[in-house]
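Just below is one structure, and these are the notes that go with it.
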Amino acid sequence: MKNIKRFRILVMGRANAGKTTILQRVCNSTDKPEIFDGKGSKVQTFSLIGVVVPRGYHDIKHELVFKSNPGFVFHDSCGFEAGSAQQFDQMRNFVVDRAATARVNERIHTIWFCIPMTDSHRTVTAAEQKFFNECNTGHVPVIVLLTKVDALYLTAVRELLDGGLTITEAKERARERQGELLEKWLAHIKIELNKCKFPPRSYVALQKMHQENTDCTVLMQSTAHVMNEEDLQRLLISTQQSSVLLCIEYAVRR
């Protein structure tokens with residue numbers, strides 16, 4: 001474990017699930033990540049042999065790194081959620097290989113699986129069920145991240161207006177209703193995914209990720225708690241920049 005220099009995370013989820021925004025908050029950055037091919041060479045992201053590369057396109061093996069915190073290395077699942085059997089197999093092969101590779105600095109340490117609350121009417125689709133039933137991640141823990149939770153505020157307002165409240169009354173009660181909706185959908189997601197063969201280890205609801213100063217302590221704490229190795233916990237805590245208190249908490253535990 002002492003030879004591991006960087007904390008490596010596979011990030012999964014549908015398009016527009018807010019994945020890049022979460023990584024920016026974690027790394028305290030507003031920039032896009034640099035993309036490397038795994039051998040240290042930067043990948044050209046604007047064009048390829050004269051053809052414009054689609055937004056967000058890259059190989060799952062590519063490494064996403066932010067200049068603000070190069071101690072984190074991220075990988076993107078690259079769209080298996082869209083239904084491609086080939087992409088699912090590529091993702092599964094990547095997970096199996098990187099979970100146990102003898103090249104310790106290439107191992108993934110955790111998986112963040114993003115489910116956006118903008119699609120609260122379809123929180124658990126066939127893609128989520130396929131992953132949690134067919135992809136054995138071994139000792140690599142999976143955490144489900146409920147993203148774009150703030151979207152439930154507008155849902156709450158609409159519900160209250162449909163119930164006969166004035167706009168003023170609806171706004172006064174919207175935060176409370178938003179919390180109720182979050183509890184409802186989180187409970188639903190847990191019930192559905194916990195039925196699966198390989199259920200997630202933990203669940204985290206993320207709010208206000210669009211704000212640059214959003215605190216990611218809860219996400220870092222939850223990730224640290226599901227780590228099987230104490231050395232990996234220490235690596236994560238020393239790499240994250242979200243909370244000095246979290247560093248102190250784990251230092252005291254030692």
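Only heavy atoms go into these numbers, but all of them, side chains included; no hydrogens, no water, no symmetry mates. Just so it is clear, the model here is predicted, and its values are computed rather than measured.
- In the hydrophobic cluster analysis, where Ile, Leu, Val, Met, Phe, Trp and Tyr join through side-chain heavy atoms closer than 4.5 angstrom, Val104 is grouped together with Leu236.
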Given the rule in the side chain to side chain contact (heavy atoms under 4.5 Å, CB included) test, do Met91 and Phe131 qualify, once you have shown the distances and angles that lead to the verdict? CA-CA 10 Å; Met91 177 277 301; Phe131 174 79; 3.7 Å; yes
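- Looking at heavy atoms from C-beta onward, Met220 lies out of side-chain contact with Asp215 at the 4.5 angstrom threshold.
- Using a 4.5 Å heavy-atom cutoff, the side chains of Val65 and Arg6 are in contact.
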Taking it one step at a time, do Asp31 and Lys67 satisfy salt bridge (Lys or Arg N to Asp or Glu O under 4.0 Å)? CA-CA 9 Å; Asp31 297 328; Lys67 289 182 179 179; over 6 Å; no
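- When all heavy atoms of Ala224 and Gln233 are compared, the pair lying nearest together is O-NE2, 2.9 Å.
- Side-chain contact between Trp112 and Met12: absent, with no pair of heavy atoms (C-beta onward) separated by less than 4.5 Å.
- Met227 and Phe198 are assigned to two separate hydrophobic clusters, defined by single-linkage of ILVMFWY side chains at heavy-atom distances under 4.5 Å.
- In this structure, CG on Asp59 lies 10.5 Å from CD1 on Ile35, to the nearest 0.5 angstrom.
- For the pair Thr21 (side chain) and His210 (backbone), a donor-acceptor distance under 3.5 Å is absent.
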Checking salt bridge (Lys or Arg N to Asp or Glu O under 4.0 Å) for the pair Arg8/Glu63: CA distance, chi angles, key distance, verdict? CA-CA 9 Å; Arg8 196 175 291 267; Glu63 300 177 345; 2.9 Å; yes
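- Distance SG/Cys135 to CG/Asn93: 9.0 Å, rounded to 0.5 Å.
- One finds no salt bridge joining Arg173 and Glu176 here, because no Lys/Arg side-chain nitrogen approaches an Asp/Glu carboxylate oxygen to under 4.0 Å.
- At least one donor-acceptor pair under 3.5 Å links the side chain of Asn105 to the backbone N or O of Lys5.
- Closest non-hydrogen pair, Ala99 versus Ile108, comes out as N-CG1, 4.3 Å.
- Heavy-atom minimum distance, Asn133 versus Lys197: OD1-N, 3.0 Å.
- Put simply, Trp185 and Tyr153 are part of two different groups of oily side chains (I, L, V, M, F, W, Y) that touch within less than 4.5 Å, one to the next.
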In sequence, state the C-alpha distance, the side-chain angles, and the governing distance for Phe94 and His75, and then conclude on ring pair (Phe, Tyr, Trp, His ring centres under 6.0 Å). CA-CA 10 Å; Phe94 175 83; His75 295 269; 5.0 Å; yes
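- The minimum heavy-atom distance between Ser202 and Val226, with the atom names listed, is CB-CG1, 3.9 Å.
- Between Thr147 and the choices Leu145, Val149, Val144, the side-chain contact (heavy atoms from CB on, under 4.5 Å) rule is met once, by Leu145.
- Looking at every heavy atom in both residues, Thr20 comes nearest to Pro33 through CG2-CD, 4.5 Å.
- Legend: salt bridge (charged side-chain N to carboxylate O under 4.0 Å, His left out) pairs involving residues 132-158, not counting sequence neighbours, sorted by first then second residue: Arg92-Glu134, Lys130-Glu134.
- In this structure, Arg98 CZ and Thr137 OG1 are separated by 15.5 Å, a value rounded to the nearest 0.5 Å.
- Between the side chain of Thr239 and the backbone N or O of Phe7, no donor-acceptor pair lies under 3.5 Å.
- Note that OG1 of Thr155 is 9.0 Å distant from CD of Gln178, once rounded to the nearest 0.5 Å.
- With sequence neighbours excluded, no residue satisfies salt bridge (charged side-chain N to carboxylate O under 4.0 Å, His left out) with Asp37.
- Aromatic ring pairs are classed by plane angle as parallel below 30°, tilted from 30° to 60° and perpendicular above 60°; the pair Phe74 and Phe72 is parallel.
- Placement of Leu64 and Phe36 in two distinct hydrophobic clusters is found when ILVMFWY residues are connected by side-chain heavy-atom separations under 4.5 Å, directly or transitively.
- No donor-acceptor pair closer than 3.5 Å links the side chain of Thr101 to the backbone N or O of Asp97.
- Between Thr223 and Val204 the shortest side-chain heavy-atom distance does not fall below 4.5 Å.
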Checking Asn69 against Ser29 for the side chain to side chain contact (heavy atoms under 4.5 Å, CB included) test, could you report, in this order, the C-alpha distance in whole Å, the side-chain angles of both residues, the deciding distance, and whether it holds? CA-CA 9 Å; Asn69 193 341; Ser29 176; over 6 Å; no
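- Nearest heavy-atom pair across Cys114 and Ala17 is CB-CB, 4.1 Å.
- Note that the SG atom of Cys216 and the CE atom of Met209 stand 4.5 Å from one another [nearest 0.5 Å].
- Contact annotation: the side chain of Leu161 approaches that of Ile167 to within less than 4.5 Å [non-hydrogen atoms, C-beta and beyond].
- Side-chain atoms of Gln240 come within 3.5 Å of backbone N or O of Ile237 as a donor-acceptor pair.
- Contact annotation: the side chain of Pro199 never approaches that of Leu193 to less than 4.5 Å [non-hydrogen atoms, C-beta and beyond].
- Under the 4.5 Å side-chain criterion, counting only non-hydrogen atoms from C-beta, Glu192 is in contact with His188.
- When hydrophobic clusters are built by joining Ile, Leu, Val, Met, Phe, Trp and Tyr residues whose side-chain heavy atoms come closer than 4.5 Å, directly or via intermediates, Leu182 is not grouped with Val157.
- Between Leu181 and Met117 the shortest side-chain heavy-atom distance does not fall below 4.5 Å.
- Considering OG1 of Thr214 and CG of Leu219, their distance stands at 12.0 Å, rounded to 0.5 Å.
- Glu106 contributes no side-chain N or O that, together with a main-chain N or O of Arg103, makes up a donor-acceptor pair within less than 3.5 Å.
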Go through it in stages, so that I can follow the logic: the residues are Leu146 and Ile189, the test is side chain to side chain contact (heavy atoms under 4.5 Å, CB included), and I'd like the CA-CA distance, side-chain angles, deciding distance and then a yes or no. CA-CA 10 Å; Leu146 274 59; Ile189 292 169; 4.1 Å; yes
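- Here the side chain of His109 pairs no donor or acceptor atom with the backbone of Leu232 at under 3.5 angstrom.
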Checking Phe132 against Phe113 for the ring pair (Phe, Tyr, Trp, His ring centres under 6.0 Å) test, could you report, in this order, the C-alpha distance in whole Å, the side-chain angles of both residues, the deciding distance, and whether it holds? CA-CA 10 Å; Phe132 288 105; Phe113 198 114; 5.2 Å; yes
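- Judged by distance alone, the side chain of Lys19 and the main-chain N or O of Gly13 form a donor-acceptor pair under 3.5 Å.
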Side chain to side chain contact (heavy atoms under 4.5 Å, CB included) evaluation trace for Arg14 with Arg122: CA-CA 12 Å; Arg14 308 166 205 170; Arg122 59 184 193 99; 4.1 Å; yes
